[in-house]
2 protein chains.
Amino acid sequence: MVARTANVSRVAVSRAFNPHASIKPEKRDLILKVAQELNYTPDMAARSMVTGRSHLVGIIVPDVSGPWESQELDAMTTALQAEGFATLLFRTRDDLSLDETLLTYMKGFNPDSVIAYAENVRPTTLARVLDRAVPIYIGYPDEEVSEEEAAPLFDRLDVLQRDGIEQAVALMQGYGARRFAFLAGKTNSLATQSRGRMVRKILAERGLPPPILIQGDYMYDTAYRETLNQFRLGEPVDAIFAANDVGAFGAIDALRTELGLRVPQDVKVVGFDDIHQSHWKSYNLTTVKLDLTERTQALLRLILRRLKNPTSPSLTETVSTRLVVRGTVG
Amino acid sequence: MVARTANVSRVAVSRAFNPHASIKPEKRDLILKVAQELNYTPDMAARSMVTGRSHLVGIIVPDVSGPWESQELDAMTTALQAEGFATLLFRTRDDLSLDETLLTYMKGFNPDSVIAYAENVRPTTLARVLDRAVPIYIGYPDEEVSEEEAAPLFDRLDVLQRDGIEQAVALMQGYGARRFAFLAGKTNSLATQSRGRMVRKILAERGLPPPILIQGDYMYDTAYRETLNQFRLGEPVDAIFAANDVGAFGAIDALRTELGLRVPQDVKVVGFDDIHQSHWKSYNLTTVKLDLTERTQALLRLILRRLKNPTSPSLTETVSTRLVVRGTVG
DNA sequence: TTGTAGGCGTTATCAA
DNA sequence: TTGATAACGCCTACAA
């Protein structure tokens, strides 16, 4: 270490950089000054070996470039950075087999915590591979959760889908919609399953027929194509509830540019997420907002709390949803 | 270490995980098998201390959620991961003062390389703070580069803007455009400056008047507002060349929804980047494509080469641009 | 092919 | 408030 050659002894430098340590203020200032001149920074790797804290939080995402994913990644990275953590980013494909390797690899970096936005990475898998990091289960209260996963072992972040979805259905119904379609995301996605069930449930409560399923995968192109197929080959509908905003864009464009239908006059469309793009005038999408700030803060709270007290009992944070009314219903 | 208690000695485990080491195959297999059972993974932090390789690549982005940024981040993370590197993600604001702190903090993680997409982080700053990592200068050949930065000290990734921009101007001119506007990005952005100069130059070469400047910041809302201002308060134009796609979207929406103008009949619009969203039917944007795969691969080549041979002379990779013709010119 | 010894940079412990 | 010492887990010599 360079700083010690400059003037004083060894551990003093360590203390100078550690706020809690007891060291004479003037001495600390001197050391910090010399350190800056010598362009010295404590080595996090060495530090992590002895403290057991890497100050790294692993984030696993299936597709960084998705609008929702990237906005969530952005918010989370910003929040983590403010707390002194660096984001260790990993990208996974839909290929499940890859994930074991990836997780093992990630384990080598000893992240203090791991957030897996990829829904094919189950918390049990996470817990098995990463012994240090305790996973958080992002769930939807109405879903069927297997016993082991629902165990109080894991902290949970629950998304209350009901409010936003009910508001959306009510609004569309209020404007005369009777025949609903649900534009689903990936089949195995928990979010899409949960949203689909909730839509079905609320339609039933309101005396409306169950929704027609349009099978999407959260992507624009698929939503565009499948919406076309639905109207050309299947039964037309007068309302589409999409499992995410990007899918809603695809549906809207299919309706307007290819089918010659008007939104919202002929078909009403509601999305889910409220990404930045949803307020772009060409879409001006009415959508169920999942508050990103709220979600990020809740997630961060869970992580920090678990890190501070690893043995504390598991906790569940709750995030709400609500409808943002724009121009695709009316 | 657990694996050694299981059966054999210490360094054998190290060798088993290091492909180059000499160890009896059957012994290696045994060790790897036991390691898997015991859920053991080599500690990268400890390894990095002795090898000097952290297998971490720092990436600094001003806004992860921007479509272009997130798509680039996605591509780069994927490419790095394939080479055994993990992405260490940092987010910077436009506030320049923050960056020094951030860089110092990042230095603590000892990244093997750093990619700064934030243009306010100059390579000289990077080189000063991070002694291990050698920065790559992402430049535009026609720009004025200060002597020290142009020094052969840095590897360069040059973006040849000319081809794509010339094609774009030619196409718009060919369809009758005479009065051009340049919708700029952030003022201090090198990319926007370079693109602006090139547009001006090519217009001059073709006997067209210099472009009117519409001052944007790469964001949708600003582009929308400033386009409105230009047509209402200033001189109307019949062609808009935007410094990025998102800005082009804002301009298009302002023209269509608020000004009652048709694109491309009344005003032609060309963007820059070719992000995923550009082929969405509502925009169907004609744009200058900056090939992401090509760019990512070039960047990766530079990084790997520099890592393998730190003292090799500096190299410049070149990435081209080309026009993707869709529906906003015609 | 295998094992032993030393050290990477840091912090925790303990003694002064 | 300070300093000496040990330890974190790994790899690169060197020796067997």
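In the text below, chain A, chain B and the rest are named by the order of the sequence lines, each starting its count at 1. Below, all heavy atoms of this structure are taken into account, side chains as well, without hydrogens, waters or symmetry copies.
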Problem set entry | Length of the line joining B:His55:NE2 and D:dG9:P, which is rounded to integer Å | 20 Å
For this session: Could you check A:Arg91 against B:Thr77 for side chain to side chain donor-acceptor pair (under 3.5 Å), going step by step and ending with a plain yes or no?
Result: CA-CA 7 Å; A:Arg91 190 193 193 283; B:Thr77 298; over 6 Å; no
For this session: Describe, as an angle rounded to 10 degrees, how the axis at the first end of the helix from C:dT1-D:dA16 to C:dA16-D:dT1 is tilted relative to the axis at the last end, five pairs per end.
Result: 30°
Problem set entry | Output field: ring centroids A:Tyr40/A:Phe17 closer than 6.0 Å | yes
Problem set entry | Contacts of type side-chain contact (heavy atoms from CB on, under 4.5 Å), residue B:Glu294, not counting sequence neighbours | B:Asp291, B:Val319, B:Ser320
Problem set entry | A:Asn18 CG to C:dT10 P, straight-line distance once rounded to whole Å | 12 Å
Problem set entry | Integer-rounded Å distance: D:dG9 C1' and A:Phe109 CZ | 15 Å
Exercise. Would you say B:Ile303 and B:Asp112 make side-chain contact, with heavy atoms under 4.5 Å?
Worked result: no
Exercise. Any side-chain N or O of A:Thr51 under 4.0 Å from OP1/OP2 of C:dT11?
Worked result: no
Exercise. C:dT11 P sits how many Å from A:Ile31 CD1, rounded?
Worked result: 12 Å
Exercise. To the nearest Å, how far apart are A:Met49 CE and C:dG9 P?
Worked result: 12 Å
Problem set entry | Heavy atoms of other groups near A:Gln36 CD, more than 12 under 6.0 Å | no
Find every protein N or O atom lying less than 3.5 Å from an N or O atom of nucleotides 2-5 of chain C, and list the pairs.
from  : atom 1 : to      : atom 2 : distance (Å)
C:dT2 : OP2    : B:Lys24 : N      : 3.1
C:dG3 : OP2    : B:Ser9  : OG     : 2.4
C:dG3 : N7     : B:Arg15 : NH2    : 2.6
C:dG3 : O6     : B:Arg15 : NH2    : 3.3

For this session: Go through the structure and list residues passing salt bridge (charged side-chain N to carboxylate O under 4.0 Å, His left out) with A:Lys27, not counting sequence neighbours.
Result: none
Problem set entry | Spacing of B:Asp43 atom CG relative to C:dC8 atom P, expressed in whole Å | 18 Å
For this session: Indicate whether OP1 or OP2 belonging to C:dT10 is found under 4.0 Å from a side-chain N or O atom of A:Ser14.
Result: no
Exercise. Who passes ring-ring contact (aromatic ring centres under 6.0 Å, His included) against A:His276, sequence neighbours left out?
Worked result: none
For this session: Just jot down the side-chain contact (heavy atoms from CB on, under 4.5 Å) partners of A:Thr41, sequence neighbours excluded, or say none.
Result: B:Thr104, B:Lys107
For this session: I would like to know whether A:Gln81 and A:Thr87 meet side-chain contact (heavy atoms from CB on, under 4.5 Å); could you show each step before the answer?
Result: CA-CA 8 Å; A:Gln81 210 167 296; A:Thr87 299; over 6 Å; no
Problem set entry | Atom pair distance, as rounded to whole Å: CZ in A:Arg28 and C1' in D:dT1 | 12 Å
Problem set entry | Spacing between A:Arg47 atom CZ and C:dA12 atom P, to the nearest angstrom | 9 Å
